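Data block below; observations after.
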Amino acid sequence: MKGFRRTHDCNTVTEETIGQEVTLMGWVLRRRDHGGLIFIDLRDRKGITQVVFAPEVDAESHEKAHRLRSEYVIAVRGKIRTRPDGMENPKLKTGMVELACEDLRILNTAATPPFPLDEEEEVAENLRLKYRYIDLRRPHMVENITLRHSVCQAMREFLNSNDFLEIETPMLTRSTPEGARDYLVPSRVNAGKFYALPQSPQIYKQILMIAGMERYYQIVRCFRDEDLRADRQPEFTQLDLEMSFIDEEQIMELMEGLISHVFNKTLGVELATPFERLTYQEAMERFGTDRPDVRFGMELVDISDIAAGCGLKVFQSITASGGIVKAINARGMADLSRKDLDVLTEFAQGLGAKGLAWVKVKEDGSWQSPIAKFFTNEEQQAIADRLGGEPGDIFFFGADTRATVFRVLGELRCKLARERNLIHERFRFVWVTDFPLVEYDEDEGRFTAMHHPFTAPAEEDLDLLETDPAAVRSRAYDIVLNGIEIGGGSIRIHQPAVQERVFRALSISDQEAQDKFGFLLEALGSGAPPHGGLAFGLDRLVMLMAGRDSIRDVIAFPKTQKAQCLMAHAPAEVSMAQLAELYLKPDWKKEK
RNA sequence: GGGGUCGUAGCUCAGUUUGGUUAGAGCGCUGGCCUGUCACGCCAGAGGUCGCGAGUUCGAGUCUCGUCGGCCCCGCCA
C-alpha cells in the first residue's frame, strides 16, 4: 500500500472529478482485454468505475493488467478523464468518465469465484451461504445490508430524540416457562445448571421500567429454538422498547412517528398516519387472520344464516353443528377455468377444507355452479346482494369450523390477489388491537397467554378472569405490514395482585409463580409505574422494505432450515474435555 | 414429526415422460489474437462420483427402495 492512499469511492468519480488524479481501491469485477488496451470494471462497496490500461499512459501497468482476474484486489492511481464521444455507458453512475491508470498495484490475487457476481442468474442458496463472503459482495446484498444499517440508524435517531435510553440486557439469563423452546447454555461454575438465551428481553425491560428508566430501547438479538421458515431464524433481531406512564394510544402514536421517520429517512417514502386499526375480532371476521393484508378487498362475508336454510346438506349440517359458512367475492374472476378451479380446490384442501364451492355470476345474474340448484332464487339473490355480486364475478365458499373457514378463505384471498395482480400499494400498515388475553391449549388442557403472561387485561374485562378467561380482552396490539406481522406489544400488568390473578388463570400455581417469577412479583410491589411497550421484528421489517421474500437476504450470516451455518459449519461437535468441564455426559442417542 | 419440490461440468440449465452409441448447451475457466470495450469479439482447449448407497436389468443420468442436503409449507414459533 506504500505510496497509495484511497481518495475516492467507485461512485464518487464523476464529471466533477475530471482532470483530478485519484486513487481507487477495490475488486476486479470484469476484465475486457483488447491486447493493446485493457478495460477493468472496478467494484467497491459504493459502485463501479471503468479503469483503462493503455501503454501510452503507462506501459508498466498495462503490462501488469494482463494478469488481472476476477476478484483480484487492486489499487489504481491515475487521472479521471471524459470518455471519447459515444463511448459513455449510461448504465453506470460513473459512465461518463473513466480512470486512465498510471500506476497499478495488485493487493491480492483471488481464486475464481464459485459463482458469478453479476446478478443475472439466481444462484443456489446453499452455495451462497457456503461462500457468504462472495455472496455479500453482490450489489444487491450490499444494498440490503446497507439498508438494514440505515434503518437501525434512523430508529436510534428517532428514539434518542424522544428521550429513550439505549440499555443492554443479559444474553445469559434464565429459562422461563411459556413460549418457545429455549436455547440453553450450561454453566461451568454451577454444575448441572443452565442459562437460557433470551427469547426476548421482556422481563428485563419491565424491570427497567420499575427501576425508573422511563424510556428504554435496544436493538437486540433474540433466540428461539423452533423450526425455521422464510421469515423465521433461530436468532433474530428486535427493536425492543418500553415506556412508563403511557397508554396504548400514546404508544401507537409514537410508533407511527418512528416508522414514518424510518421510511422517510431510508427510502424517502412518506407514510400516511395514523395507520388503520382493526380489532382482532374484525380482522378475523373480515380477513380470516390476525395479520390481514388490507391492500385489497375480497373480504370474508358471513352467510351462515342463509346457508342454514338452503337445500345443500353440507351447509345445513355445518351450521347446525356450530360451524360457519362464509364467502368471498373474487370480482371479475369468472374467467377462471375448470382447471384453475381444480388447482384452487386442491389449495383449499391443503389448508384443511373438505372442498371449495364456487359460483360464477353470469351476464343475466344467474348462477353457473355445481351447487346452484340447491339454492332458491331468493337465496341466490340474498347471497349476491350481501357479496355485491355482479356479472363476471366468482364467489368462493368456506363451510367448516370457524378456524378452518378463516384459514382457507383468508389464504385464498391472498393467493388470488397475488395471482391477479390486485396489489398495487407498496406499503400498507394496520394495527390489530383487542386480542384475547388467553387461548385454550388442547394439548396442555389449560389456557395459555396469547401474547405473554405479563400482558394487561382490559380493565372492563378484569372480572371475567376467574369466570370466563377466554372472553377477556388484552391490552395488546400488533402492527402488520402487507399481511406480515412486524411488531407487537402491550400495556403490561404493573400491580402484583393482577399479575397473580393472571398467573392463576393460566394455571400457573402460586408455587411455580414464586419459583419462576418471584423476583418480578416482588419488583411489581416496589412501586412499579404503569408501563408498556412494543418490539419490532427488525429482520422482517427490513425484508419488506428491501422487497425480499426471505429474511435470510437481510441477515449477513443466516442459518439454513436445519439451523446450520454452512460457512462456519455450526453447530459442531466439541471435545469430551469441554463437555466434562460443563458436567455434560453425551450419552443420548437420537432414536431412529 | 409430516407434506411438497429440487440435486447432471465452476455456475445456470437441457436430457429422466418411453432405460440403449462417446452425457449436451450458454456463461465461466485456460492458452492465443485483438487500441474503445462495457454481458467486448474471434480461434483453440480443458473440465463430469449425473448428491450418495443398494436393487431391478444384457444395459441405469433415466426405473425401484433407502439415504444426505437446499428450498417452500403444516405442526411448532407466549
Side-chain angles (χ1 to χ4, degrees), chain A residues 29-42 48-57 62 66 69-71 81 83-92 94-95 98 100 111-131 134 176-182 199-200 202-203 222-234 236 346-347 349-352 407 411 435-439 441-444 447-455 474 476 485 488 490 502 506 508 535 537 549-550 552 558-562 564 566 590-592:
Chain A
L29 179 61
R30 254 187 293 270
R31 180 182 62 130
R32 292 178 293 279
D33 188 342
H34 289 229
L37 197 61
I38 298 170
F39 299 94
I40 291 287
D41 288 338
L42 186 67
I48 293 168
T49 297
Q50 173 165 282
V51 180
V52 193
F53 299 90
E56 62 267 25
V57 175
H62 173 260
H66 282 293
R69 294 292 182 272
S70 286
E71 298 310 300
R81 65 187 193 193
R83 296 190 183 192
D85 262 357
M87 296 303 150
E88 302 84 3
N89 183 353
K91 284 188 234 165
L92 293 183
T94 60
E98 63 193 9
T112 302
F115 51 85
L117 270 79
D118 59 57
E119 313 223 284
E120 304 297 319
E121 280 176 351
E122 284 288 307
V123 178
E125 194 149 3
N126 53 344
L127 267 179
R128 294 176 54 198
L129 293 175
K130 180 172 178 186
Y131 301 100
I134 304 292
T176 52
E178 310 283 306
R181 196 176 291 114
D182 285 318
Q199 297 178 24
S200 82
Q202 182 59 38
I203 295 178
C222 303
F223 305 85
R224 294 177 190 177
D225 187 4
E226 299 291 348
D227 286 346
L228 288 78
R229 291 283 189 283
D231 61 355
R232 272 162 42 186
Q233 285 272 309
F236 61 99
E346 233 170 87
F347 175 77
Q349 286 169 338
L351 294 167
R407 183 169 62 247
E411 291 289 332
F435 281 81
L437 185 71
V438 299
E439 56 190 343
D441 185 321
E442 295 286 344
D443 293 338
E444 297 199 31
F447 289 101
T448 58
M450 192 146 178
H451 188 53
H452 57 55
F454 318 110
T455 301
S474 72
E485 183 201 325
S490 63
V502 168
L506 297 171
I508 297 173
D549 296 322
S550 165
R552 292 188 300 275
K559 291 183 171 56
T560 68
Q561 199 158 44
K562 285 200 71 188
Q564 297 180 354
L566 295 183
K590 190 170 182 182
E591 286 181 38
K592 280 280 172 183

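A, B, ... follow the sequence lines: proteins, then strands. Residue 1 opens every chain. Owing to the predicted nature of the structure, the values given are computational and were not obtained by experimental measurement. Heavy-atom basis, side chains included; hydrogens, waters and symmetry copies ignored.
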Worksheet item: Nearest of B/U35, B/C71, B/U37 to any side-chain atom of A/Arg83?
Response: B/U37

Discussion item. Could you check whether any side-chain N or O of A/Gln199 sits under 3.5 Å from a backbone N or O of A/Ala180, counting only pairs where one atom can act as donor and the other as acceptor?
Written reply: yes

Response to the item:
note: A/Met87, atom CE; B/C40, atom C1'; distance rounded to Å ~ 12 Å

Worksheet entry | Between B/C29 (C1') and A/Phe115 (CZ): distance, integer Å | 17 Å

Practice prompt. Report yes if at least one side-chain N or O of A/Arg31 is closer than 4.0 Å to OP1 or OP2 of B/C40; otherwise report no.
Written response: no

Discussion item. Could you check whether the side chain of A/Arg30 and the base of B/C38 have a donor-acceptor pair of N or O atoms closer than 3.5 Å, going by distance alone?
Written reply: no

Practice prompt. Please state how far atom NE2 in A/His34 lies from atom P in B/C42, giving the value in whole angstrom units.
Written response: 12 Å

Worksheet entry | Rounded distance in Å - CD1 (A/Ile40) to P (B/U37) | 16 Å

Worksheet entry | Watson-Crick/G-U partner (both atom distances under 3.5 Å) of B/U64 | B/A54

Item to complete: Let me know, please, whether A/Arg407 or A/Pro113 comes out on the 5' side of the other along RNA chain B by nearest nucleotide.
Response: A/Pro113

Worksheet item: Are OP1 or OP2 of B/U30 and a side-chain N or O of A/Arg69 less than 4.0 angstrom apart?
Response: yes

Worksheet entry | Complement of B/U18, any strand, by Watson-Crick or G-U distances under 3.5 angstrom | none

Discussion item. Check this one for me: any side-chain N or O of A/Thr112 less than 4.0 Å away from OP1 or OP2 of B/C29?
Written reply: no

Worksheet item: Atom CG of A/Asp41 to atom P of B/A39: distance rounded to whole Å?
Response: 8 Å

Worksheet item: Can you list the residues that meet the salt bridge (charged side-chain N to carboxylate O under 4.0 Å, His left out) rule with A/Arg224, with sequence neighbours excluded?
Response: none

Fill in: Rounded distance (Å) that lies between atom P of B/G41 and atom CG of A/Asp33
13 Å

Fill in: Side-chain donor/acceptor of A/Thr94 to backbone N/O of A/Ile48, under 3.5 Å
yes

Discussion item. The side chain of A/Ala180 is closest to which nucleotide in this list: B/C11, B/C77, B/C76?
Written reply: B/C77

Practice prompt. Look at the side chain of A/Thr560 and decide which nucleotide, out of B/C71, B/U35, B/C38, has an atom nearest to it.
Written response: B/C71

Practice prompt. Return yes if some donor-acceptor pair links the side-chain N/O of A/Gln349 with the main-chain N/O of A/Phe347 below 3.5 Å, else return no.
Written response: no

Worksheet item: To the side chain of A/Arg229, which of B/C74, B/U37, B/C77 is closest?
Response: B/C74

Fill in: Closest to the A/Arg224 side chain, choosing from B/G1, B/G36, B/C77
B/C77

Discussion item. Nearest whole Å is fine: how far is B/C72 P from A/Glu125 CD?
Written reply: 7 Å

Item to complete: Could you please name the option among B/C11, B/C73, B/C71 that lies closest to any side-chain atom of A/Arg552?
Response: B/C71

Worksheet, complete the sentence: Picking from B/G70, B/C77, B/C72, the nucleotide nearest the side-chain atoms of A/Lys562 would be B/G70

Practice prompt. Look at the aromatic rings of A/His66 and A/His62 and report parallel, tilted or perpendicular, splitting at 30° and 60°.
Written response: perpendicular

Item to complete: Round to the nearest Å and state the distance from A/His62 atom NE2 to B/G36 atom P.
Response: 12 Å

Worksheet, complete the sentence: Checking B/C77, B/U12, B/C11 against the side chain of A/Arg232 (C-beta onward), the nearest is B/C77

Item to complete: Could you tell me whether the phosphate oxygens of B/C40, OP1 or OP2, come under 4.0 Å of any side-chain nitrogen or oxygen in A/Arg32?
Response: yes

Fill in: Basic-acidic side-chain contact under 4.0 Å: A/Asp227, A/Arg232
no

Fill in: Complementary nucleotide of B/G69, counting Watson-Crick and G-U pairs under 3.5 Å
B/C6

Item to complete: Measure from the side-chain heavy atoms of A/Leu566 and tell me the nearest of B/G70, B/U35, B/U12.
Response: B/G70

